[in-house]
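Per chain, numbering begins at 1; letters A, B, ... match sequence-line order.
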Amino acid sequence: MRFLDELNDNQRKAVEFVDGASLVIAGAGSGKTRVLTYKIAYLLKKGFAPSSILALTFTNKAAREMKSRIADLVGERMARYLWMGTFHSIFSRILRSEAGTIGFTSNFSIYDTADSHSLIKSIIKGLNLDDKIYRPGLVQNRISTAKNNLITPGAYASNADLLNADKYARVPRMQEIYRIYTEKCKQSDAMDFDDLLLQTNILFRDHPEILQRYRERFNFILVDEYQDTNYAQYLIIRRLSEGHERICVVGDDSQSIYSFRGANIDNILQFKNNYQSAQVFKLERNYRSTKMIVNAANSLIDKNKNRIPKEVYTENQDGEKIKVLQLYSDFEEAAVVSEYVIELKESEEYAYKDIAILYRTNAQSRVLEDQMRKGGISYRIYGGLSFYQRKEIKDVIAYCRLICNPADEEALKRCINTPARGIGETTVNKVLETAALHGVTAWEVMGDILKYNLPVHSGTANKLTDFRGMISTFMEQKDVLDAYQLVDSVIKTTGMIRDTYTDNSPESISRRENIEELVNAIREFCEIKTNAGEQASLVDFLAEVSLLTDQDTDKNADEDKVTLMTVHAAKGLEFKVVFVVGMEEELFPSAFSMDSARELEEERRLFYVAITRAEERCFITYAKSRFRNGQLNFVNPSRFIKDIDSKFLDFPVQQTIPSSSNFVDEEIENFSGFRNAGTRFTRTSTRTYYPKKQTEEKPVYYDTLNPARKLTKLESSPTISSTNADLNETFTPTIPVGKFVKHSMFGIGKVLSVSMSGANEKAEIDFGEKGVKTLLLKFAKLEVLD
DNA sequence: TGACCGCGTCTTTTT
DNA sequence: GACGCGGTCA
């Protein structure tokens, strides 16, 4: 098998071990995916049938990529029959074919987070509980945690610890909400994401003969990102691999960052105890990053106690130290980062797409985005509202769900009055209450309004009947039309897209485009299915689309754009240049994780993930002040910066960060008194804090520096407006020739000349040691010194 | 019933 | 700074 030559010794050993359980500890950038794909190819060559191999990933994208790489090695024909996919998609497939045995139909709906949130909310309301105390989000979390740990409502209600904890947290009726939630889901023939794993476990627990069947079907099980599995996932794998123990799990305990979603790092830490005969392989050679980055990351993660010992190393070049930048504010941070981005791009060593800006929270993206736009940098933001969570998309999907499963109450609630057809909240509530009273679905109530004695006027009754009739028609079409034709009919009949043609507001246009994109996706789905000689039914499309996320639709990946995303979203990716911004206490590490060592370690792993995304250059930035929740806070540098051995760090601009004991400089210390006293500064406050600036530059410039004018934008300079500059042949430069200016990267320089280049003003500036630079003034943020 | 305003609330989010 | 909620009014 020639392809094995492309592996290093350890990778090869991991690939060739097929006689039992194995754990592959794959350090960052150590070729984890390579090992997994080659291992599967190896198994196929060894004679394992493709359909006997089960490979589980965490994203559809990962599964797809792996599948295509395997296809490259062994041919598409073989790769096609692999059981490869996410936990959720594989087990929802299995659940659909076994649904009857656990009281669901094979058309069951999948509730996304918003659906279950809405259901929980209505249950809390129905029980007359205060939703300030029983916060739906909190309840949702608790139910999710319970399910991830395979605690059913019955088990919950008889678990003294949980009941006490709830009593103590003043939410004693939690178990009741959980019970009703489960009943409601079942009645709606719906499962949430967690149910897909929980119900699989129930299926295997209660039906040994079914478990046995799948055990025999899957002769080899592989799991990617094992460090992020939860108990429910662990047990499914455990059950399926029992007997043959041909299981290979791959992961990196140092990159376990999803505990808040129920992931349990103990799964990987305890693997050797759970599978007594397990072999452990360690992939420690990093192929991604420079020595500097690898060593810096090592010195950081070394501060964690709970980890599997390993020595990640690289034979790559030394590279540059990680640059640490201290800025005054979040605004300046964003401005400076965007300047660096421009410099990197202009150096022609890097394209925009080589660069990523990573942050802890999505809220941080705003300032960055503003500055990117201002600097004319093309960028792409990941995260935020995903395509499938957009209202118009959810509306269309809701119709599809209702057509496939009329019991789906959340879908019904969503489309019954979308677009508005005069069925208001009161009416909907009456229908739902009547349904609950008779123990039937809302769909049935609407089918015989008289029989169920629904207290509505005849006009309302007619509207309900009409709506039901329309859906019924779609249901009949379902068996004749394919998914594309049916959705097309839904959109046209309901008038959903017609609404978007009537006005041309940007929102409306965007809605229309989104709907069209969805329709295209359905058409594509149908074409693929038809080409494969399969039926392209709406049910199949729904089954797939319900488990899709934005992460999976990464079209235009080769566009030259800077990537902005959270560190979580960056896991598994790599970039030549990485900026990790907002490295401040209470932000990163998050204030929420400060009181537990375990959570703090997870934050540190998260930072480790961030740094190890970088191939060549890495920047860490932090600000001294930051707007959060509409308020200005003075903040301190993250403790994690100290965790990195300082010999891998470079503090170029300022010398104020002490390498020794105390990170907090005295001015900040004084101000923390305000903060502790509860005094907050708002954006409009005139009380702004300007720290003394100490740099290596000649101090003479600083004596005259007016800190209030730092980062003065040249466009807003009173000297001349840019339109005038365009019109006049002899324009007045926005910065005076002969004067000194300050550039955040090059330092102090003297303006040699200013000229027009097209519509843009451009200046030649002598930065002394750093050389003479020609800068476009609309990009370069210069500060004119008196 | 729908539009609008003030108020309290915020993490991360592979499915 | 943004969103969802509850209240009010047309």
Side-chain angles (χ1 to χ4, degrees), chain A residues 56-63 85-92 110-118 121 125 131-132 135-138 140-141 144 147-148 191-198 224-225 227-230 232-233 255-263 330 358-367 369-370 382-386 388-389 417 420-428 460 543-552 565-573 582 586-594 599 602-603 605-607 609-610 626-632 682-683:
Chain A
L56 298 164
T57 62
F58 275 80
T59 62
N60 295 300
K61 191 176 149 200
T86 64
F87 273 90
H88 292 82
S89 73
I90 294 283
F91 294 111
S92 74
I110 294 175
Y111 276 1
D112 68 12
T113 339
D115 293 318
S116 66
H117 187 92
S118 142
K121 226 163 94 175
K125 212 169 165 191
D131 64 1
K132 295 265 155 27
R135 301 219 329 265
L138 175 101
Q140 200 175 5
N141 254 328
S144 174
K147 287 184 177 181
N148 287 158
M191 296 196 200
D192 64 21
F193 290 139
D194 300 318
D195 279 329
L196 296 174
L197 305 175
L198 173 65
D224 190 14
E225 307 279 17
Q227 75 281 358
D228 289 326
T229 50
N230 59 34
Q233 289 162 327
Q255 294 184 62
S256 167
I257 55 172
Y258 278 103
S259 76
F260 69 92
R261 284 191 33 75
D330 48 352
L358 308 182
Y359 35 80
R360 177 68 244 262
T361 66
N362 275 312
Q364 289 165 259
S365 70
R366 236 198 101 87
V367 226
E369 210 178 339
D370 289 346
Y382 292 75
L385 204 54
S386 98
Y388 293 99
Q389 286 169 299
N417 201 31
R421 48 176 74 88
I423 304 175
E425 206 189 309
T426 359
T427 309
V428 174
T460 313
E544 197 169 296
V545 91
S546 311
L547 296 172
L548 235 46
T549 63
D550 228 23
Q551 298 277 318
D552 303 316
M565 53 169 57
T566 62
V567 184
H568 280 94
K571 202 183 87 176
L573 306 177
E586 303 199 337
L587 182 60
F588 202 167
S590 147
F592 293 82
S593 36
M594 295 241 186
E599 286 176 79
E602 175 150 325
E603 293 280 315
R605 290 193 294 270
L606 191 58
F607 188 32
V609 168
R626 179 174 299 273
F627 281 99
R628 275 237 268 172
N629 308 331
Q631 303 198 87
L632 180 63
T682 64
R683 205 178 261 280

Just the rounded figure in Å: distance from [atom2] of [N] to [atom1] of [X].
X: Q364(A); N: dT13(B); atom1: CD; atom2: P; answer: 11 Å
X: D131(A); N: dG4(C); atom1: CG; atom2: P; answer: 14 Å
X: Q631(A); N: dC10(B); atom1: CD; atom2: C1'; answer: 12 Å
X: E586(A); N: dT12(B); atom1: CD; atom2: P; answer: 16 Å
X: R626(A); N: dC10(B); atom1: CZ; atom2: P; answer: 20 Å
X: F627(A); N: dA2(C); atom1: CZ; atom2: C1'; answer: 16 Å
X: D112(A); N: dT13(B); atom1: CG; atom2: P; answer: 16 Å
X: N362(A); N: dC10(B); atom1: CG; atom2: P; answer: 17 Å

Answer with base, sugar-phosphate or nothing: what part of the nucleic acid does [X] contact at a heavy-atom distance below 4.0 Å?
X: D228(A); answer: base
X: T57(A); answer: nothing
X: T361(A); answer: sugar-phosphate
X: F87(A); answer: nothing

Side chain of [X] (C-beta onward), nearest among [options]:
X: R261(A); options: dG2(B), dT15(B), dT11(B); value: dT15(B)
X: H88(A); options: dG1(C), dT15(B), dG2(B); value: dT15(B)
X: Y258(A); options: dT14(B), dT12(B), dT15(B); value: dT14(B)

May I ask you to say whether [X] pairs ionically with [Y], meaning some side-chain N is under 4.0 Å from a carboxylate O?
X: E369(A); Y: R366(A); result: no
X: R628(A); Y: E586(A); result: no
X: D195(A); Y: K147(A); result: yes

As an exercise, state the distance from CG of L358(A) to CZ of F607(A), rounded to the nearest 0.5 Å.
10.5 Å

Is it the case that dT9(B) (base atoms only) and R135(A) (side chain only) share a donor and an acceptor within less than 3.5 Å, ignoring hydrogens and angles?
no

May I ask you to verify whether the side chain of R360(A) and the base of dT11(B) hold a donor-acceptor pair under 3.5 Å?
no

[N] phosphate, OP1 or OP2, under 4.0 Å from [X] side-chain N/O:
X: S546(A); N: dT15(B); value: no
X: N60(A); N: dT14(B); value: no
X: T566(A); N: dT13(B); value: yes

Determine, answering yes or no, if F260(A) is stacked on dT11(B) under the 5.5 Å centre rule and the 30° plane rule.
no

Comparing L606(A) with G422(A), nearest DNA chain B nucleotide closer to 5' gives the residue G422(A)

Let me know, please, whether E425(A) or K132(A) comes out on the 5' side of the other along DNA chain B by nearest nucleotide.
E425(A)

Tested for side-chain hydrogen bond (donor to acceptor under 3.5 Å, both in side chains) against D228(A), the lone hit among Q255(A), K571(A), R261(A), Q233(A) is K571(A)

For the side chain to side chain contact (heavy atoms under 4.5 Å, CB included) test, which of L196(A), D192(A), V545(A) pairs with I110(A)?
L196(A)

